[in-house]
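Written out below as structure tokens is the structure these notes cover.
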Amino acid sequence: MIVVYGIKEYLNPLKARLSEVIHGCMQSVLGMPEDKRAHRFMPMDAEDFYYPGGRTPAYTVIEINMMQGRTPETQKALIKALFREIESELGISPADIEVTIKEQPAHCWGFRGMTGDEARDLKYAIEV
């Protein structure tokens, strides 16, 4: 699952396009299938979203929750692809993008009535 935070006035007009860019990176780097998209956008009022100095109102936080198994090289490739593609497609500078990958063991995930370590029908590889 991916959660995206940003200032409402800036994030709302870009949500659909940003979702496409993020999912494209997930597909190209991680091999995620087309129908495996779980994005949550959290547009916030400017007075509720403080961001570091040197950033602009375009500052966007992307948190990626995934099952453990991707190599550090794969994770770094995903982060770099996000920086590159978001800048190229949406004009948001990498200085205004923060990406955090949060991994949990498969047994900590629950979906479709089972835990992640019980799932045998995933249409994508975890260990890439």
Side-chain angles (χ1 to χ4, degrees):
M1 177 182 11
I2 298 171
V3 181
V4 181
Y5 302 90
I7 294 177
K8 183 187 311 184
E9 290 78 18
Y10 197 86
L11 185 59
N12 275 341
L14 300 175
K15 285 190 290 193
R17 291 176 54 212
L18 183 54
S19 179
E20 289 296 326
V21 171
I22 292 170
H23 194 59
C25 291
M26 299 292 285
Q27 287 180 290
S28 67
V29 177
L30 300 182
M32 298 301 268
E34 175 60 37
D35 66 345
K36 181 67 174 158
R37 183 186 313 226
H39 299 173
R40 307 294 180 263
F41 286 85
M42 306 298 291
M44 303 175 75
D45 292 327
E47 63 266 15
D48 294 327
F49 189 69
Y50 294 89
Y51 50 88
R55 305 314 192 280
T56 74
Y59 182 71
T60 304
V61 177
I62 302 169
E63 294 179 354
I64 302 169
N65 293 290
M66 63 175 65
M67 281 192 261
Q68 239 171 9
R70 279 77 174 198
T71 66
E73 292 78 18
T74 298
Q75 293 176 13
K76 288 169 68 172
L78 176 60
I79 291 168
K80 290 177 182 183
L82 288 165
F83 288 147
R84 182 180 61 250
E85 295 303 316
I86 291 171
E87 182 177 36
S88 172
E89 297 295 321
L90 301 172
I92 301 174
S93 166
D96 276 330
I97 302 166
E98 181 178 311
V99 179
T100 304
I101 295 176
K102 299 177 179 183
E103 285 189 312
Q104 303 86 24
H107 69 270
C108 292
W109 283 78
F111 48 84
R112 298 191 325 260
M114 67 187 96
T115 59
D117 60 334
E118 297 169 332
R120 302 287 179 252
D121 62 345
L122 298 178
K123 298 176 186 172
Y124 54 94
I126 300 296
E127 296 184 7
V128 294

Count I, L, V, M, F, W, Y as connected when their side-chain heavy atoms are under 4.5 Å apart, and connections chain through other members. Are [X] and [Y] then in the same cluster?
X	Y	answer
L82	V128	yes
V99	Y10	yes
Y5	M26	no
V29	I2	yes

Measuring from [X]:[atom1] to [Y]:[atom2], what's the distance to the nearest 0.5 Å?
X	Y	atom1	atom2	result
E89	R84	CD	CZ	11.0 Å
E127	T71	CD	OG1	10.0 Å
T115	D117	OG1	CG	3.5 Å
E47	I7	CD	CD1	9.5 Å
M66	M1	CE	CE	12.5 Å
L18	I97	CG	CD1	8.5 Å

Please tabulate, one pair per line, all N/O donor-acceptor pairs under 3.5 Å involving side-chain atoms of residues 50-64, not counting sequence neighbours.
unit_1: R55; atom_1: NE; unit_2: A95; atom_2: O; d: 2.7
unit_1: R55; atom_1: NH1; unit_2: G53; atom_2: O; d: 2.9
unit_1: T56; atom_1: OG1; unit_2: A58; atom_2: N; d: 3.1
unit_1: T56; atom_1: OG1; unit_2: D96; atom_2: OD2; d: 2.5
unit_1: Y59; atom_1: OH; unit_2: E98; atom_2: OE1; d: 2.3
unit_1: T60; atom_1: OG1; unit_2: A58; atom_2: O; d: 2.7

- Can you name the nearest heavy-atom pair linking G6 to L11, along with the distance?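 Shortest heavy-atom contact: N-CD2, 3.6 Å.
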
- Message: Restricting to non-hydrogen atoms, name the atom on Q68 and the atom on I126 that form the minimum distance, rounded to 0.1 Å.
- Response: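 Minimum heavy-atom separation between Q68 and I126: O-CG2, 3.0 Å.
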
Do [X] and [Y] have side chains that approach each other closer than 4.5 Å (heavy atoms only, starting at C-beta)?
X	Y	result
I101	R70	no
T74	L78	no
M67	L122	yes

- Of all pairs that satisfy salt bridge (charged side-chain N to carboxylate O under 4.0 Å, His left out), the ones with a partner from residues 20-36, not counting sequence neighbours: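 Found E20-R37, E34-R37, D35-K123.
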
- Summary of salt bridge (charged side-chain N to carboxylate O under 4.0 Å, His left out) pairs that have at least one residue in residues 4-18, sequence neighbours excluded: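 Those involving residues 4-18 are K8-D45.
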
- Task: Report the C-alpha separation of M42 and V3 in whole Å, then their side-chain angles, then the decisive distance to 0.1 Å, and conclude whether the side chain to side chain contact (heavy atoms under 4.5 Å, CB included) test is met.
- Result: CA-CA 7 Å; M42 306 298 291; V3 181; 3.7 Å; yes

- Mind checking what makes salt bridge (Lys or Arg N to Asp or Glu O under 4.0 Å) contact with R40, not counting sequence neighbours?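 Per chain and number, R40 pairs via salt bridge (Lys or Arg N to Asp or Glu O under 4.0 Å) with no residue.
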
- Message: So, using side chain to side chain contact (heavy atoms under 4.5 Å, CB included) as the criterion, who are the partners of S88 when residues are at least two apart?
- Response: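 Not a single residue meets the side chain to side chain contact (heavy atoms under 4.5 Å, CB included) criterion with S88.
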
- Task: Quick one: do D121 and R112 satisfy side chain to side chain contact (heavy atoms under 4.5 Å, CB included)? Show the steps, please.
- Result: CA-CA 11 Å; D121 62 345; R112 298 191 325 260; 2.4 Å; yes

- Item | Residue pairs, two or more places apart or on separate chains, that pass ring-ring contact (aromatic ring centres under 6.0 Å, His included) and touch residues 68-113 |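 Counting only pairs at least two positions apart or across chains, no ring-ring contact (aromatic ring centres under 6.0 Å, His included) contact touches residues 68-113.
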
- Enclosure of M44 CE (heavy-atom neighbours >12, cutoff 6.0 Å):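 Yes, the 6.0 Å shell around CE holds more than 12 heavy atoms from other groups.
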
